[in-house]
Amino acid sequence: MGEPKRYDVVVLGGGVNGAGVARDCAMRGLSVLLLERNDLASGASGASSGMIHGGIRYMMSDRSVTELACRDAGAIRRIAPHLVFRIPFLMPFASRAERATLAERAAWYATEVYVGTYDLFQPLKGGRPSTRLTAEELYALEPSLRPGLHGAVTLDEWGIDGARLCLLNALSAEAHGAEVRTWTEATRLLRDGGRVVGVAWRDRVDGAHGEALAGAVLNATGAWSPQWGRSNGVEVPMRPGKGVHLSLDRRFSNYGIICKAVDGRQMFVMPHEQESIVGTTDDDCYGDPDDLEATADEVAYLLEGVESLVPAIRGARVTRAWTGVRTTLYAYGATEDALSREHQVLDHAGEGAAGLLSFVGGKLASYRAQSEETTDLLLDRLGRGALACRTHEAPLPGGEDVPDVRELAARHGVAEGAVARLVYRQGARARDVLRLADEDPRLKLAVCRDEGLLAAEVVWIARNEKVRRLQDLRRRCRHGLAGCGGLDCARLAAQLVAHELGWDAERLRAELHDLLEVNWRERRPVLDGWQLAEEELLRAVHRGLGGV
Ligand SMILES: Cc1cc2nc3c(=O)[nH]c(=O)nc-3n(C[C@H](O)[C@H](O)[C@H](O)COP(=O)(O)OP(=O)(O)OC[C@H]3O[C@@H](n4cnc5c(N)ncnc54)[C@H](O)[C@@H]3O)c2cc1C
């Protein structure tokens with residue numbers, strides 16, 4: 001262990017809030033260390049629904065949450081235009097009977113008024129106003145809906161790849177001088193009397209360990225905060241909520257569809273890339289956030305909710321069930337749905353830990369504004385005075401000069417579909433990836449046919465995007481998330497990464513095994529019958545061959 005290095009700020013947690021604060025601090029001239037115990041976005045930020053919406057649900061109880069999220073969504077679209085996609089939702093008017101009751105009609109009218117009020121926020125995020133659809137118009141747009149619906153209202157929203165949003169913030173922080181260490185856990189606080197003066201850390205890949213001294217420490221460890229706080233002598237109150245999503249093997253609709261679960265909770269199915277996503281549950285979660293899996297009950301609950309409007313969903317193959325933990329503010333007595341999505345920055349000075357702040361709650365959609373507010377507080381605690389924030393106007397990496405897909409595909413002789421995916425993920429940097437492919441045409445090969453993922457992108461990511469484990473590719477380019485769960489394509493990607501990072505055969509085997517285990521945790525709850533048997537067999541073959 002060498003001499004401890006000194007920073008202005010050490011940020012714990014490479015979710016969207018930690019990475020966002022690291023970027024903002026670095027852009028305002030502070031020296032920053034960001035520590036993430038797994039990969040960037042391996043917590044809630046990589047497991048969210050990825051909506052940078054206003055959260056229409058919160059409009060009544062938390063109007064300020066809706067307004068902040070809409071305003072920030074507008075800023076995120078500006079700084080990462082390539083990574084944001086438009087996703088209009090339909091809210092169908094459904095009745096069990098052929099003729100709707102008066103009460104149902106009143107409820108639909110109220111919905112129209114409610115959505116109309118949300119329209120007032122749409123200009124903040126560049127969304128379009130809602131529209132009332134007749135039954136005929138609804139079925140013309142979305143023939144997959146069950147018969148007998150009475151019309152719908154539309155709701156314009158934006159989606160984003162949350163994992164890449166974290167990465168881009170971390171890369172931008174690095175470009176502004178921050179040090180970003182992934183797979184590195186903050187093990188304990190360093191104290192000097194009633195002051196926190198830094199953290200001890202341990203690298204979980206190579207076993208290195210050390211200490212970092214800091215003027216201020218930000219705890220942005222999300223769902224891990226309460227436990228981490230307790231073991232370091234501070235309280236971080238939170239009401240964690242488990243959320244499960246399902247991925248289905250194909251697109252079932254052209255639009256997002258808002259459905260009702262059996263208990264009346266709102267849920268949705270939406271098209272995403274080549275698949276559909278169903279989400280989400282929201283249940284209090286007292287367990288270890290490292291040990292979460294979806295249950296068969298949760299899978300059944302979600303499918304039942306969608307089936308009420310999209311009957312064909314039962315014919316779908318569910319390819320994975322993924323979980324995340326919401327980091328909602330603590331409140332006793334409220335149901336999960338009614339919990340506030342507000343955020344707080346806690347100052348632990350009153351607990352004998354001056355210099356330590358914790359970020360709790362909030363939304364992915366408001367991450368930039370949350371980070372700005374937190375950075376303002378850190379500057380205040382460091383006595384640095386106010387320095388202007390620029391994160392709302394400076395593009396994230398790749399967000400400047402996004403290329404035209406057709407023109408790029410024609411110039412490099414690569415299929416438009418694959419280039420569209422590449423430009424979505426990499427923005428301006430897609431040009432560099434394709435230049436790499438021109439230099440070595442073998443890299444134009446698709447590593448994953450389902451995802452249209454080019455070998456060139458895998459190589460480029462291994463070189464430029466802080467990859468330390470094979471499973472990091474899941475969050476960089478969706479490698480291993482398609483129907484095969486990596487069983488078809490992981491070996492090729494693993495060999496490319498191994499070549500770039502200098503892994504020997506033993507390390508390659510271990511990384512493949514790890515990736516397939518991580519994927520298995522998301523696949524096991526959704527497999528049964530022959531599919532389960534087939535996949536068990538393939539896993540055994542992989543293990544038997546050592547995967548190489
Ligand atoms: C199911 C679900 C759906 C959601 N959908 C949406 C949505 O559509 N729109 C929206 O706006 N919001 C949504 N959210 C909320 C949003 O995802 C969160 O508000 C946001 O991602 C929280 O980010 P974070 O950085 O605070 O936490 P996280 O992303 O959880 O990051 C915390 C990080 O800290 C790391 N860590 C833990 N302990 C340590 C340690 N000791 N040292 C170093 N690192 C450590 C973890 O590995 C983790 O990566 C959703 C959340 C869930 C769970």
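Both counts, for ligands and for their atoms, begin at 1 and track the order of listing.
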| said: Judged on heavy-atom distance to atom 30 (O) of ligand 1, which of G222, S42, A44 sits nearest? | reply: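 Closest candidate by heavy-atom distance is A44.
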| query | Is the shortest side-chain N to carboxylate O distance from E336 to R265 below 4.0 Å? | reply |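 Result for this pair is no, no salt bridge flagged.
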| request: Would you indicate which of R37, E36, R202, Q370 comes nearest to atom 37 (C) of ligand 1 when only heavy atoms are counted? | output: R37
| request: Counting heavy atoms only, name the option from G159, P289, A220, C285 that's nearest to atom 32 (C) of ligand 1. | output: A220
| said: Around atom CD of E307, are there more than 12 heavy atoms from other residues, nucleotides or ligands closer than 6.0 Å? | reply: yes
| message | Can you classify the ring geometry of F89 versus F268 as parallel (below 30°), tilted (30 to 60°) or perpendicular (above 60°)? | response |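 If you compare the ring of F89 with that of F268, the planes turn out perpendicular.
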| Can you tell me if H53 has a non-hydrogen atom under 4.0 Å from ligand 1? | yes
| Which part of A47 is near ligand 1, with near meaning a heavy atom under 4.0 Å away: side chain, backbone, both or neither? | backbone
| note | Quick look: Y367 vs ligand 1, heavy-atom contacts under 4.0 Å, and the answer is neither
| query | Looking only at non-hydrogen atoms, which of A163, G243, S49 approaches atom 3 (C) of ligand 1 most closely? | reply | S49
| So which bit of T323 gets within less than 4.0 Å of ligand 1, heavy atoms only: side chain, backbone, both or neither? | neither
| said: Is the ring pair Y424/F85 parallel, tilted or perpendicular, if the boundaries are 30 and 60 degrees? | reply: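 The arrangement is perpendicular - the two ring planes meet at more than 60°.
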| message | Within a 6.0 Å radius of atom CZ on R86, are there more than 12 heavy atoms belonging to other residues, nucleotides or ligands? | response |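 Yes, enclosed.
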| message | Using the side chain to side chain contact (heavy atoms under 4.5 Å, CB included) definition, which of the options L189, L218, L33 pairs with V10? | response | L33
